[in-house]
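Letters A, B, ... mirror the listed sequences (proteins, then strands); counts begin at 1.
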Amino acid sequence: MAIREGSIGELAVGDGKSQDFIRDIVSADLASGRRETVVTRFPPEPNGYLHIGHAKSICLNFGIAEEFGGHCNLRYDDTNPTKEDQEYIDAIERDVRWLGFDWGAHLYHASDYFERLYEWAEYLIRAGKAYVDDQTQEEMRLTRGTLTEAGVESPYRGRSLEENLDLFRRMRAGEFPNGARVLRAKIDMASGNINLRDPVLYRILHAEHPRTGRKWSIYPSYDFAHGQSDSIEGVTHSICTLEFEDHRPLYDWLLDSLPVPSRPHQYEFARLNLTYTVLSKRVLTELVRGGHVRGWDDPRMPTLAGLRRRGVPPAAIRDFVKRIGVAKANSVVDMAMLEFSIREHLNKTAQRRMAVLRPLKVVIENYPEGSGEEVEAINHPENPAAGSRMVRFGRELFIEREDFLENPPKKFFRLAPGREVRLRYAYFITCREVIKNAAGEVIELRCTYDPATRGGNAPDGRKVQATLHWVSAADARPAEVRVYNPLFARPEPDAANFAADLNPDSLEVIADARVEPALASLESGQAVQFERQGYFCSDADSTAERLVFNRTVGLRDSWAKVAAGGR
RNA sequence: UGGGGAAUAGUUCAACGGUAGAACAUCGGACUCUGACUCCGAGAAUCUAGGUUCGAAUCCUAGUUCCCCAGCCA
């Protein structure tokens with residue numbers, strides 16, 4: 001990751017090229033002396049798994065901190081114990097680390113500040129800026145007004161300081177049942193901004209909190225916790241998504257009303273949307289709970305855990321995030337952009353292997369029976385240091401079923417009756433005979449090879465139009481290959497009715513692929529390219545007896561476009 | 001006449017009063033023992049209407065369209 005050079009001052013003025021409006025603000029704050037350091041934070045609520053939308057936020061917050069010489073806190077916004085779980089807390093840390101970021105000692109929890117927040121709530125009561133409201137949830141909803149009509153003030157709004165304090169303390173003491181009362185800020189029931197119509201600051205929740213257990217029976221709302229937590233941590237730039245723009249006046253009101261130790265500012269950017277998937281925690285949770293996918297780490301999921309299991313390198317995600325930029329316009333990024341970043345990274349790093357997904361048997365009639373040999377295959381075409389390996393060749397082979405067509409159309413270069421092609425790293429072969437079963441399906445090809453073309457080149461200089469990958473029938477290992485397609489059938493699925501837009505073919509399981517033996521020892525998490533197919537990795541389900549591979553992403557396939565367009 | 005935001009190629013971003021540019025996608029071509037990679041090229045945009053200015057994507061005025069907000073979720 002590029003760390004910009006020079007002092008912070010130089011940086012601010014120096015390279016006049018801005019990257020995005022938030023970095024511009026940070027730069028300007030530093031240049032003007034309004035800020036001396038930069039502290040950001042990534043504040044997930046541990047109520048679900050992190051997804052690629054979070055990656056945008058993580059890269060932004062950690063990235064800015066790193067570039068400007070500050071630091072970024074990982075803070076759990078754990079103010080609602082009814083929705084949170086230790087499983088999510090663990091997953092979040094794992095995923096942020098995997099993405100490549102480190103919060104060092106700066107791991108915090110909003111729940112660490114419960115005592116201080118409580119004191120500030122009493123402070124607000126004493127300042128006449130908060131009151132205990134006895135209205136029911138329903139009454140509050142009715143009296144909040146509408147988008148176009150002012151709300152009406154609660155009959156409890158005028159309570160004395162003493163009564164408010166007494167009631168609030170008894171709320172804390174657990175004297176009242178859930179929902180009986182809330183603490184509200186006393187702001188303006190006629191405000192055009194509904195967040196300012198006496199927002200709820202504390203609610204009664206008799207619930208077990210993952211960190212504070214049963215200690216509390218009241219919990220602060222997001223609004224009452226977030227800005228103050230930022231302030232306690234000395235956060236300078238509190239970067240969140242667009243839907244919190246309306247909350248900024250409340251964020252500011254609270255910080256201005258309380259004796260907080262520092263004054264952070266909130267900035268908002270547009271959250272990430274991606275075609276053919278959905279980045280809503282609610283929908284993702286339903287996908288898991290409803291059994292539409294195999295879990296949070298299903299390789300079809302846009303979660304970081306899913307992307308990891310699928311074989312997506314974290315560096316590719318970081319690169320993707322850098323490419324899409326940061327702005328305030330709602331947008332939907334083309335999945336093709338993510339795939340480009342993944343391929344770009346994997347092309348450079350993944351070693352090449354041969355694997356036949358849908359095998360078609362080939363018998364080389366003029367190849368001596370019972371014998372075999374080894375041919376040398378290079379591991380990476382652009383990196384000689386990756387070396388080479390020996391691959392078994394023999395009389396019986398498998399090639400890809402789709403690499404043979406009995407009646408080839410004009411632009412089809414691959415194997416066909418009477419046609420000669422190259423088997424990569426091995427020999428030229430010519431198809432002599434097509435064998436079919438009773439149903440008329442091609443089940444075997446009888447071919448001949450030219451011994452003079454060993455290694456893949458003809459001494460007489462003749463050319464072939466295609467080079468096919470292959471495996472030796474005697475040596476190849478059977479494997480299951482899981483091919484993933486978009487989770488949704490439409491580029492912009494309807495989140496409200498996501499089930500209707502699910503792609504029924506999002507998972508293709510190929511049960512009987514054949515892979516070269518070297519693949520049996522592929523380490524988990526290690527990316528490989530199956531030549532001419534795509535990038536793959538070993539799945540967590542893979543065992544020595546039963547190999548399982550995930551296709552991370554296919555290679556670009558211009559033939560597929562020609563073939564699809566031709567009919 | 002509720003409040004808050006946003007509008008630039010198909011998509012995502014730049015351009016900060018001075019030549020509208022990039023990446024992805026698309027379409028050509030070159031190269032190739034991966035129909036991959038790489039390389040070269042092409043088409044493609046300032047929401048609308050006025051105004052200010054020598055000059056407007058940028059400033060002003062009036063519209064239009066889209067997004068967010070009426071949880072004791074975050």
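- In this structure, the ring of A:His247 has its center no less than 6.0 angstrom from the ring center of A:Tyr251.
- Within the nucleic acid shown, A:Pro381 comes within 4.0 Å of at least one base atom, counting heavy atoms only.
- As a whole-Å value, the separation of A:Lys322 NZ from B:U12 C1' is 16 Å.
- Comparing B:A74, B:C37, B:G3 by their nearest atom to the side chain of A:Asn347 picks out B:C37.
- Pairing for B:C72 is absent, judged as Watson-Crick or G-U wobble with the two contacts each under 3.5 Å.
- Taking atom CZ of A:Arg532 as the reference point, atom P of B:C37 lies 14 Å away to the nearest angstrom.
- Using atom C1' as the reference point in both B:U53 and B:U38, the two lie 48 Å apart (nearest Å).
- Side-chain proximity of A:His247 to the nucleotides B:G5, B:G35, B:A74 is greatest for B:A74.
- Going from the C1' atom of B:U11 to that of B:G17 covers 29 Å, rounded to whole Å.
- Closest to the A:Ala327 side chain, of the nucleotides B:C69, B:A14, B:A74, is B:A14.
- The P atoms of B:C69 and B:G29 are separated by 49 Å, rounded to the nearest whole Å.
- Of all nucleotides listed (B:A36, B:A74, B:C16), B:C16 comes nearest to the side chain of A:Asp24.
- For A:Lys411, taking side-chain heavy atoms from C-beta onward, the closest of the listed nucleotides B:G3, B:G35, B:U34 is B:G35.
- Candidate nucleotides B:A74, B:U34, B:A25 were compared by shortest atom distance to the side chain of A:Arg556, and B:A25 ranks first.
- Taking atom P on both B:A70 and B:G63, the two are 28 Å apart, rounded to the nearest angstrom.
- Rounded to whole Å, the P atom of B:A57 lies 13 Å from the corresponding atom of B:G21.
- Neither OP1 nor OP2 of B:U12 sits under 4.0 Å from any side-chain N or O of A:Arg271.
- Taking atom C1' on both nucleotides, B:C13 is separated from B:G18 by 22 Å, rounded to a whole Å.
- The partner of B:U46 is absent, by the rule that a Watson-Crick or G-U pair needs both atom distances under 3.5 Å.
- Counting any heavy atom pair closer than 4.0 Å across all strands shown, A:Asn457 reaches a base atom.
- Across every strand in view, B:A7 sits in a pair with B:U64 that passes the Watson-Crick or G-U test at under 3.5 angstrom.
- Across all strands, A:Arg343 comes closer than 4.0 Å to no nucleic acid atom at all (heavy-atom distances).
- Among the heavy atoms of the strands lying under 4.0 Å from A:Ile324 are primed sugar atoms or P, OP1, OP2 only; no base atom is included.
- Using a 4.0 Å heavy-atom distance criterion, A:Lys281 is classed as making no nucleic acid contact.
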Between protein and nucleotides 20-24 of chain B, what N or O pairs are separated by less than 3.5 Å?
unit_1: B:A23; atom_1: O2'; unit_2: A:Arg323; atom_2: NH1; d: 2.8

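- In a base pair of the Watson-Crick type (N1 to N3 plus N6-O4 or O6-N4) or a G-U wobble (N1-O2 and O6-N3), with each distance short of 3.5 Å, B:C27 is matched with B:G41.
- Using a 4.0 Å heavy-atom criterion, one finds that A:Asp77 contacts the sugar-phosphate atoms exclusively.
- A:Arg422 has no side-chain polar atom (N or O) that falls below the 4.0 Å cut-off from OP1 or OP2 of B:U34.
- Pairing of B:G17, defined by two Watson-Crick or G-U wobble distances under 3.5 Å, is not identified with any nucleotide.
- Here the C1' atom of nucleotide B:C69 and the OH atom of A:Tyr222 are 14 Å apart, to the nearest Å.
- Residue A:Trp470 forms a ring-ring contact (aromatic ring centres under 6.0 Å, His included) with just one option from A:Phe393, A:Phe404, A:Tyr427, A:Phe530, and that option is A:Phe393.
- With its glycosidic angle more than 90° from 0, B:G41 is assigned anti.
- As the counterpart of B:G55, no nucleotide is assigned, since no Watson-Crick or G-U wobble pattern has both distances under 3.5 Å.
- Residue contacts for A:Tyr219: at a heavy-atom cut-off of 4.0 Å it reaches no nucleic acid atom on any strand shown.
- B:G35: no Watson-Crick or G-U partner with both key distances under 3.5 Å is found in any strand.
- As judged by a 4.0 angstrom heavy-atom cut-off over every strand, A:Tyr425 is placed among the base-contacting residues.
- The residue among A:Val333 and A:Gln533 whose nearest nucleotide of RNA chain B lies closer to the 5′ end is A:Val333.
- A heavy-atom distance below 4.0 Å to RNA chain B is reached by these residues of residues 184-197 of chain A, ordered by number: A:Gly192, A:Asn193, A:Ile194.
- When heavy atoms are screened at a 4.0 angstrom cut-off, A:Val464 is found touching no nucleic acid atom at all.
- Looking at heavy-atom distances under 4.0 Å, A:Glu376 makes no contact with the nucleic acid at all.
- Mapping A:Ser558 and A:Lys56 onto RNA chain B by nearest heavy atom places A:Lys56 closer to the 5' end of the strand.
- Considering only side-chain N and O atoms, A:Thr79 lies under 4.0 angstrom from the phosphate OP1 or OP2 of B:A74.
- Listed candidates were B:U34, B:C73, B:U26. Nearest to the side chain of A:Glu45 is B:C73.
- A:Phe412 comes within contact range of at least one nucleobase, with a heavy-atom separation under 4.0 Å.
- Using a 4.0 Å heavy-atom criterion, one finds that A:Glu245 contacts the sugar-phosphate atoms exclusively.
- When the P atom is compared between B:C31 and B:A22, the two are found 26 Å apart, to the nearest whole Å.
- Listed nucleotides B:C69, B:C72, B:C67 differ in distance to A:Arg144; the shortest reach to its side chain belongs to B:C72.
- Contact annotation for A:Arg424: base contact, defined as any heavy-atom pair under 4.0 Å involving a base atom.
- Contacts of A:Gln529 with the nucleic acid, taken as non-hydrogen atoms under 4.0 Å apart, include base atoms.
- Nucleotides B:G10 and B:A45, compared at atom C1', are 10 Å apart to the nearest Å.
- Under the 30°/60° scheme for interplanar angles, the aromatic rings of A:Tyr88 and A:Trp296 are found to stand perpendicular.
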